[in-house]
There are 2 protein chains.
Amino acid sequence: MPNKKKIAESAISRLSVYLRILEDTVAAGESTVSSQAMASQSGTTAAQVRKDLSLFGSFGRRGLGYSPSDLVSRIRRILGLHRRWKIAVIGLGRVGSALVEHRGFFDRGFDIVALFDTSEFKVGSNLHGLQVHHIDEISRVVHDKKIEVAVLTVPVEAVPDIIDLIRDSGIKGVLNWTPARLTLPDTIEVKNVNMVMELEALSFKLSQRE
Amino acid sequence: MPNKKKIAESAISRLSVYLRILEDTVAAGESTVSSQAMASQSGTTAAQVRKDLSLFGSFGRRGLGYSPSDLVSRIRRILGLHRRWKIAVIGLGRVGSALVEHRGFFDRGFDIVALFDTSEFKVGSNLHGLQVHHIDEISRVVHDKKIEVAVLTVPVEAVPDIIDLIRDSGIKGVLNWTPARLTLPDTIEVKNVNMVMELEALSFKLSQRE
DNA sequence: CTAGTATTGTGAAGTATTTCACAAGTAAAT
DNA sequence: ATTTACTTGTGAAATACTTCACAATACTAG
């Protein structure tokens, strides 16, 4: 696997999109797919598709196109989706609870295997078949269950109190739903999901055209 | 306001970040702030901060820095946040319902004023003080309530059935939570929020370092 | 076997975005 | 008044990303 190169973030999200398209193509029983077909379904250009794929190898055949099923497994491997990931959800407010019960993660290789909160009310209770742990137990549970990724859905005020616990827990990546900017060592990958920022971007675009 | 220029998407999300930082700065009672201070709090460079701001005007004073409160109102206006936005939520499953009850939107200028679903169960019921309408009523309600933005949290299978209704409803922008790529005229702005894609990006990064 | 059509992989060219670097402005200290 | 320490705004340079364009390859038809 030709690693070490610096791959643009944008290329990675396009690969995610291609993956979905290719899964549909496989399901439709097609035996080949062209970069042009992938491009029109994903809203980019054929050259972009080929360039993105060429970052990781040459997977097609000139004159013929690509094999959808081969490409699915190549991209899965590239994205690290040839295995399942164990996820913890930290913060079981409305959003956190909604995520726990959402099948979409399981269906795409992400298993929610542990829940954390601080509320006396919630700790010890059960949600979707999982026991809620106190956040203080995170190191032990992460170690025991070999958890690698945490989804952080606590109220922003709670972040300072728990960020140290996360840092020392053994967690390797965080999907941060809070508007706080997490200060974590760069051995821990952080991705931010911020609804309000997306709405603000929408607000900007709508305002642009008087 | 110097419009017409093409502004990078990335610049806009940084402005959102600066806005939060500046609100904190104002709350802390600071009377000036430097591009360097903003940069270190937002994880970028001072030059980037100045360049981003200079896309819209010159708001600082050489030798002194910027006035946080002035900058807050400048950025609010740039992002179109000097007014409130009326939002509809389409699809009241777990995620949609969680969003409706989330105060974070209201606090930042976004008012959820209408709800839509298709389920016999839900239509007619009340959620967080709002009546749930059938999606067939969207045009009327959007018009009556002057709604501009829709948050789409339906199951992906439901998208084909309702996309035409959205297109013709008068909605100006859509925040799309489904993994579907929406085919809408480019008079309607679309922003996509996709948890699974973010997790896949995390998976990629974690896999990179064997 | 040749011509015609399709399609990849990839350097090179073209754009876009970020970073550099410095003139110009401000204030405080001496 | 002059020096020193800061700091913005912005062209120019550097870097990053996307698109172009074409040789190389594959297949089909005649």
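Please read all numbers here as calculations on a predicted model, not as lab measurements. Here is the naming used below: chain letters follow the sequence lines, and residue numbers restart at 1 for every chain.
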Euclidean distance, atom [atom1] of residue [X] to atom [atom2] of [N] [Å, nearest integer]:
X	N	atom1	atom2	value
B:F59	C:dG25	CZ	P	19 Å
B:Q48	D:dA13	CD	P	19 Å
B:I12	C:dA16	CD1	C1'	15 Å
A:Q36	C:dG9	CD	P	15 Å
B:R50	D:dC6	CZ	C1'	11 Å
A:D52	C:dT8	CG	C1'	14 Å
B:L15	C:dT18	CG	C1'	15 Å
A:K6	D:dT15	NZ	C1'	8 Å

Using a cut-off of strictly less than 4.0 Å, decide whether [X] has a side-chain nitrogen or oxygen near OP1 or OP2 of [N].
X	N	answer
A:S58	C:dT10	no
A:Y66	C:dG9	yes
B:S54	D:dG9	no
B:K51	C:dT19	no
B:R61	C:dA27	yes

Output yes when a side-chain donor or acceptor of [X] lies under 3.5 Å from a complementary backbone atom of [Y], and no otherwise.
X	Y	value
B:K205	A:E189	no
A:R94	B:H102	no
B:K172	A:L206	no
A:D70	A:R74	no
A:S203	B:L79	yes

Looking at [options], which one has an atom nearest to any side-chain atom of [X]?
X	options	answer
A:R14	D:dA16, D:dT18, D:dC22	D:dT18
B:S35	D:dC27, D:dC17, D:dT8	D:dT8
A:L64	D:dC27, C:dC20, C:dA27	D:dC27
B:S10	C:dA21, C:dT18, D:dT18	C:dT18

Earlier contact from the 5' end, DNA chain D, for B:S34 and A:G63: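 Closest to the 5' end, via its nearest nucleotide, is B:S34.
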Angle by which the axis turns from one end of the helix from C:dC1-D:dG30 to C:dT30-D:dA1 to the other, five pairs per end, to 10 degrees: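 It comes to 10° between the two terminal axes.
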Distance-only donor-acceptor test (3.5 Å): side chain B:R62, base D:dT7: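 Flag unset: no donor-acceptor pair detected.
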Quiz item: cation-pi between A:R50 and A:Y66, 6.0 Å / 45°: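 Here A:R50 fails the 6.0 Å and 45° test against A:Y66.
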pair B:F59-B:I78: side-chain heavy atoms closer than 4.5 Å: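 Heavy-atom side-chain distance check passes, below 4.5 Å.
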Member of A:M38, A:K51, A:Q48 meeting the side-chain contact (heavy atoms from CB on, under 4.5 Å) criterion with A:R14: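 By the side-chain contact (heavy atoms from CB on, under 4.5 Å) criterion, A:R14 pairs with just one of A:M38, A:K51, A:Q48: A:Q48.
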